[in-house]
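The structure presented is a predicted model; accordingly, all values stated were derived computationally and were not measured. No hydrogens, no waters, no symmetry mates; every other heavy atom, side chains included, goes into these values. Every number for a ligand or one of its atoms is a count from 1 in the order of the listing.
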Amino acid sequence: MKNYADLWTGYKARKSAGDIAVLKKFYLSGGAESDKIVINAVKELKDGLKAMLGIDPEVVYGQAAGCAPVANGKDIQDREEYTVSLCDDGVRIDAKSGSGILYGVFDVLRTVSCEKDVKAVYASGKKVRPSNPLRMLNHWDNMDGSIERGYSGESFFYVDNEIVIDDRTRDYARLIASVGINAVVINNVNVKQAASYMITDRYFDKLAELGEIFAGYGIRLFLSLNYASTIEIGGLDSADPLDENVIAWWKTKMAEVFDRIPTLGGFLVKADSEGRPGPFTYGRTQADGANMLADIAKEYGAIIIWRCFVYNCRQDWRDRKTDRARAGYDNFMPMDGDYHDNVILQIKNGPMDFQIREPISPLLGGLKKTNQMLEVQIAQEYTGHQIDVCYLIPEFKEILGFRTYCGGDKDTVADIISGDTFGSRYSGIAAVTNTGNDFNWTGNYLAGANLFGFGRLAFDTELSSEEIAEEFVRMTISTDDAVVKEILDILLPSREIYERYTSPLGIGWMVTPATHYGCSVDGYEYDRWGTYHRADHLGIGVDRTDKGTGYALLYNEPNASTYNDPEKCPDELVLFFHHLPYTHKLHSGKTVIQHIYDTHFEGYAEAQQLAEKWNALKGKVDEDIFENVSERFTRQLSNAREWCDQVNSYFFRKSGIPDEKGRQIW
Ligand code: GCV
């Protein structure tokens, strides 16, 4: 008996939709029969179809006789794309690599699992090209087994500073490959203690084994790197990127690392951030640091992913000039074009830090000559700790759809990170993951929708939030139409509901310091982290206009003018950009203070409705799932009530303005 759930790779018995005879034979072309990814793909196909429909398909490699391919070789430009089509006596999957075959197989299994009509779905050939080259999960797992910002148990990669490889590891690779993930960083970006020794003989054998397991599912292994390894494990007294001894040390080290872990794709680096070491210590730029490592890694076909989350975390709260939101842009933009071609800048969104609502980082659409990827967070650090239901895919869709006006037709964030806008060699999207060793992997079973959804969206940014949520529900909870509808009605509005009962109008941050769960309006107000709401008895918000920190002007036009003007700025971001009186009228027609009251009362009431909806599903979904989510809802409601009452009371007491509707404020 496994001590973890199979989630969407559980493959329970399914009703056959339409004529399924075609599933008895598969023609695979593109990957070699002996390729371990193809071997895994075929096993998955056979296991999945057997469990769902009782079919044991025959698998034929190469061209099917009398069955013309829908897409020819020329059309298949990317090695991971695939085409699934039908022929007289079977299904064919055409690809250029084992990964393409694997993704095609998972496409078919998803179709069957969602009880869709196979013949209808693939009648005219379904060709899918991944939207993004890199589709990555970043684990913030520590080697002692803890997880920074983890809300679903301990790490399944580490126990007591040792790497664990077991059935769960293999099933994790299957699970994430099935939604299209092709890269994974297995250790926290805050690389300390034992993790600094990942690049030593102590861990090479296990890492090599892990890398092979992932490679069998088309996933490349990456490690977070301690920038000051030369000092911490190398015995040098410097980590200056221009120092010859430092460079020589890294040359020897990387030769050893790539020899011992041949599948390693490269490194993720958090430098000069929140106490982590970096090139600034030596008066060098971020580009100096990244390029030094990248030049050495290049020989091994590896890449350096360098985070842009560099800011002053020791700010004086009295200082109104320094603006944390600007920091990424100010630190990285001046060197656009200087980063070498195997460096990728990983840009956290938002520009502050994964709040429920922030504008898009101005580096996206600012940088034009640099490989870049977007970083989002499915670990619900500021969005409810996987206690509160918060389906994040609608937020990610907004980010991806944002027009940066960086020039040309292809100017959305999705265009940029796909590599299309600037013809980048490397690009993509990473999520700080929400997994742990809890039975259901993600703490709240419904948080699995974010893991599933991130992968699906990263693979195909055209998919809608609704489609993704529906696939998740059908594949993991129920295929009953009525149940599916109820759960979609919980998931789809959950992000906006969470936003309504927490921080208003883009201001963010009113969270309990350190844990980041629960309300504490002034928790960070007089602290060093650069995260302020600046509320007084007259108004609230941070002036980031040309008269304030100037942040709004970092955007391309017309975004800069829109954000700079409170009359044009979208309501949901207005306090991010402006300090406004409580009596300021929003586009909605409400005043700021009335908006605060209304949204908080509504958000709490809506959270109660979500819980009621879930409770009505008792007996209609698996008992374990029901109990898990039900228990979380109990905690969500008490959290939502605190947020509602504390925020409303705080602003009533500051402003002295009563609620127009006379509801109870404490
Ligand atoms: C991994 C925030 C989090 C930290 C995290 C950091 C980062 O500050 O609170 O836990 O550290 O972001 O993204 O590096």
Any residue meeting ring-ring contact (aromatic ring centres under 6.0 Å, His included) with Phe309, in chain and number order, not counting sequence neighbours: Tyr311
ring-ring contact (aromatic ring centres under 6.0 Å, His included) partners for His340, two or more places apart: none
Proximal protein residues to ligand 1, non-hydrogen atoms under 4.0 angstrom: Trp140, Glu148, Arg149, Asn188, Val189, Asn190, Lys270, Glu274, Arg307, Phe309, Lys348, Asp353, Glu381, Tyr382, His516
Arg168/Asp166 ion pair, N-O < 4.0 Å: no
Non-neighbouring partners of Thr461 that pass side-chain hydrogen bond (donor to acceptor under 3.5 Å, both in side chains), sequence neighbours left out: Ser131
Between CD1 on residue Ile416 and CG on residue Leu374, distance to nearest 0.5 Å: 10.0 Å
Flag for Tyr501-Asp388: side-chain donor and acceptor within less than 3.5 Å: yes
